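So the structure is just underneath, and the comments pick up after that.
Positions are given from 1 along the sequence. The shown structure was predicted, so the numbers you read here are calculated from the model rather than taken from an experiment.
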Amino acid sequence: GLLMRRWWIIVLVAMPITIGGLLAVKFCIGQEYKTSAAIEIAPVVSSILYSDSDSERPIPNFDSYKNTQAVIISSDRVLNRVADDLHDKELKFFEKSMDYRMALRDAVDKERISIKPQRGSNLIVIEMTEPAELVRQTEQIVGSILHNYMLIGVQDMARGEDAKLNVLY
């Protein structure tokens, strides 16, 4: 009875409190932006040599191979090159750190930069979450990680071909 007669007072009190709470949450939390990129990891060994009759996987242990490639992407070898690549860009991401590689390592360790193979596909996804005002910078960082990983892969392939040629001589 009493609540039914005074419902309009409850609504008038609840509305400003609700609106104030929503505005406080919006301004306190801020907006975050997630930059994502994916790279396809192709099987190195021909599927003619290895076929898994129980599944559609092209080679045995391909998931392990993808996990290894994800570890290589997050390795110091790649992060050092990314740090060198971005050193002269004056990005806000590195503002609080004198050592760019350590800032990148810290971001990977705290999963602000996430490098994870996707189950059931040949993809490794790299995601970086930062405040919305750093959108362009996160794109540069993620792009540099992919670029430097691919360069290392090309260099490793060239070294492998050189080693094969040396064996032939």
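Cluster membership check: Leu134 does not share its hydrophobic cluster with Leu104, using side-chain heavy-atom separations under 4.5 Å among Ile, Leu, Val, Met, Phe, Trp and Tyr. Linking ILVMFWY side-chain heavy atoms closer than 4.5 Å, directly or via other members, places Met150 and Ile124 in a single hydrophobic cluster. Clustering ILVMFWY residues whenever any of their side-chain heavy atoms sit less than 4.5 angstrom apart, transitively, puts Ile115 in the very cluster that holds Ile152. One hydrophobic cluster, built from ILVMFWY side chains closer than 4.5 Å, cannot hold both Leu146 and Leu123; they sit in different ones. Two different hydrophobic clusters hold Ile141 and Val125 under the rule that ILVMFWY side chains link at heavy-atom gaps under 4.5 Å.
Checking side-chain atoms of Thr138 against main-chain N and O of Val135 turns up a donor-acceptor pair under 3.5 Å. A donor-acceptor pair is defined here as one N or O able to donate and one able to accept, closer than 3.5 Å; no such pair exists between the side chain of Ser144 and the backbone of Gln140. No side-chain donor-acceptor contact under 3.5 Å links Asp106 to the backbone of Met102. Judged by distance alone, with hydrogens and angles left aside, the side-chain atoms of Arg105 form a donor-acceptor pair with the main-chain N or O of Ser74 at under 3.5 Å.
Between Phe94 and Tyr100, the angle of the ring planes stays under 30°, which puts this pair in the parallel group of the 30/60° scheme.
Between Glu95 and Lys92 there is no salt bridge, since none of the side-chain N atoms of the basic residue sits less than 4.0 Å from a carboxylate O of the acidic one.
Looking only at atom types and distance, the side chain of Tyr33 has no donor-acceptor partner in the side chain of Glu133 under 3.5 Å away.
Atom CD of Gln118 has more than 12 heavy atoms from other residues, nucleotides or ligands within 6.0 Å.
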Would you please test Asp85 and Arg81 for salt bridge (Lys or Arg N to Asp or Glu O under 4.0 Å) and show each step? CA-CA 6 Å; Asp85 189 28; Arg81 296 184 103 187; over 6 Å; no

Check step by step if side-chain contact (heavy atoms from CB on, under 4.5 Å) holds for Glu127 and Ile113. CA-CA 6 Å; Glu127 293 180 336; Ile113 298 175; over 6 Å; no

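Residues Val82 and Ile145 share a closest heavy-atom pair of CG2-CA, 3.6 Å.
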